[in-house]
Amino acid sequence: MTDTPFDPIRRSVTVPLDPRAAFDLFTDGIDRWWPKETHSLTARNADGKGARVRVEPFEGGRVLETLPDGTEAPWADVAQHRPAERLTLRWYVGRHPGEATLVDIRFTAVDGGTRIDLTHSGFDVLGMDAAPVSSSYAAGWEHVLGVRFAGACRRIPA
């Protein structure tokens, strides 16, 4: 543990889909938009080629990356799965589940679509790694949510 708490990372984006469609794309459609070439376990070795990502759609489920050899590598446990409203993940991609941080994604109807608010917190559990990991995710979520997910939402008819 560190003595300094880390501020949560907060990212928001508004997309032109209703909350259910946005939630479904984020979860059921994650393999179509997630940047596996840069943000996956496979990216370290093969530029994400051949990897698949999926969310098991229930509380107690997992977020899994299927590696090119067929091995499944867990990224997170699903703590809350409320379609069209909220997805909360105990996030530990590439780490032991005991080092999980918390990713909370909320889907709120707004004029013209849905606002997605992502909060990633709990970095203190990472001890000495907390600062570099938090910094990396601050930039990473901007790309994952603000560029890739938002871009995928704009390509789907409302």
Side-chain angles (χ1 to χ4, degrees), residues 1-15 17 19 22-23 25-56 59 61-68 71-82 85-108 110 113-155:
M1 288 291 212
T2 63
D3 292 332
T4 307
F6 289 84
D7 289 336
I9 295 166
R10 298 180 194 284
R11 298 289 179 262
S12 294
V13 64
T14 300
V15 299
L17 300 176
F23 184 93
L25 179 62
F26 197 97
T27 57
D28 298 339
I30 194 169
D31 192 60
R32 295 193 317 254
W33 63 267
W34 190 272
K36 294 174 289 213
E37 67 281 0
T38 56
H39 293 72
S40 69
L41 296 172
T42 308
R44 298 175 186 167
N45 303 315
D47 297 327
K49 293 180 180 151
R52 309 267 310 160
V53 179
R54 67 186 171 94
V55 176
E56 294 177 329
E59 292 177 10
R62 298 173 297 167
V63 178
L64 296 163
E65 177 179 348
T66 303
L67 307 176
T71 304
E72 289 188 327
W75 287 7
D77 298 327
V78 178
Q80 290 186 59
H81 186 277
R82 295 194 306 213
E85 294 177 19
R86 187 175 190 182
L87 179 68
T88 304
L89 306 169
R90 287 184 290 275
W91 190 261
Y92 53 88
V93 63
R95 298 184 176 277
H96 185 275
E99 297 178 307
T101 55
L102 193 66
V103 176
D104 185 58
I105 307 128
R106 296 180 187 230
F107 299 78
T108 305
V110 296
T114 301
R115 187 183 71 244
I116 292 98
D117 295 303
L118 181 146
T119 303
H120 191 166
S121 62
F123 291 98
D124 293 355
V125 73
L126 301 177
M128 298 296 286
D129 291 335
V133 171
S134 175
S135 179
S136 175
Y137 274 112
W141 285 122
E142 188 65 38
H143 178 71
V144 169
L145 185 67
V147 176
R148 293 297 292 263
F149 180 69
C153 289
R154 286 191 280 286
R155 290 189 297 273

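Scope of the values below: all heavy atoms of this structure, side chains included, with no hydrogens, waters or symmetry mates. What you see is a predicted model; the values in this text were computed from it and never measured.
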Whether Trp75 and Trp34 hold their rings parallel, tilted or perpendicular, with breakpoints at 30° and 60°: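 Tilted: the ring planes of Trp75 and Trp34 meet at 30° to 60°.
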Qualifying salt bridge (Lys or Arg N to Asp or Glu O under 4.0 Å) pairs, either residue in residues 73-82, two or more places apart: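 Listed by first then second residue: Arg82-Glu85.
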Side-chain heavy-atom pair [X], [Y] within 4.5 angstrom cut-off:
X	Y	result
Lys36	Thr42	no
Gln80	Leu87	no
Ile105	Thr88	no
Asp129	Arg95	yes
Trp141	Val103	yes
His39	His143	yes

Under the side-chain contact (heavy atoms from CB on, under 4.5 Å) test, residues paired with Ser135 that sit two or more places apart: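 In terms of side-chain contact (heavy atoms from CB on, under 4.5 Å), with neighbours along the sequence ignored, Ser135 is linked to no residue.
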Test side-chain contact (heavy atoms from CB on, under 4.5 Å) applied to Glu142 - qualifying residues, sequence neighbours left out: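 For Glu142 the side-chain contact (heavy atoms from CB on, under 4.5 Å) partners, ignoring immediate neighbours, are Arg11.
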Pair Asp31 + Arg54: basic N to acidic O under 4.0 Å: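 No, no charged N to carboxylate O under 4.0 Å.
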Lys/Arg-Asp/Glu bridge criterion (N-O < 4.0 Å) met for Asp117, Arg106: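 Looking at Arg106 together with Asp117, the answer is no, because their closest N to O distance does not fall below 4.0 Å.
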ring-ring contact (aromatic ring centres under 6.0 Å, His included) against Phe149, all qualifying residues, sequence neighbours excluded: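 Listed in chain order: Phe26, Trp33.
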Residues that Glu59 engages under salt bridge (Lys or Arg N to Asp or Glu O under 4.0 Å), provided they are two or more places apart: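 Salt bridge (Lys or Arg N to Asp or Glu O under 4.0 Å) list for Glu59, sorted by chain: empty.
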Side chain Glu65, main chain Ala51, donor-acceptor under 3.5 Å: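 Not a single qualifying donor-acceptor pair exists.
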Side-chain (Thr114) to main-chain (Leu17) donor-acceptor, under 3.5 angstrom: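 Judged by distance alone, yes, a pair lies under 3.5 Å.
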Near-ring test Phe23/His81, centroid separation under 6.0 angstrom: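 Yes.
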Ala130 versus Phe123, closest heavy-atom pair with distance: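 Closest approach of Ala130 to Phe123: CB-O, 3.2 Å.
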Sequence-distant partners of Ser121, side-chain hydrogen bond (donor to acceptor under 3.5 Å, both in side chains), two or more places apart: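 side-chain hydrogen bond (donor to acceptor under 3.5 Å, both in side chains) check on Ser121 returns nothing, list empty.
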Nearest-0.5 Å distance, OG1 of residue Thr101 to CD1 of residue Ile9: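 Between atom OG1 of Thr101 and atom CD1 of Ile9 there are 8.5 Å.
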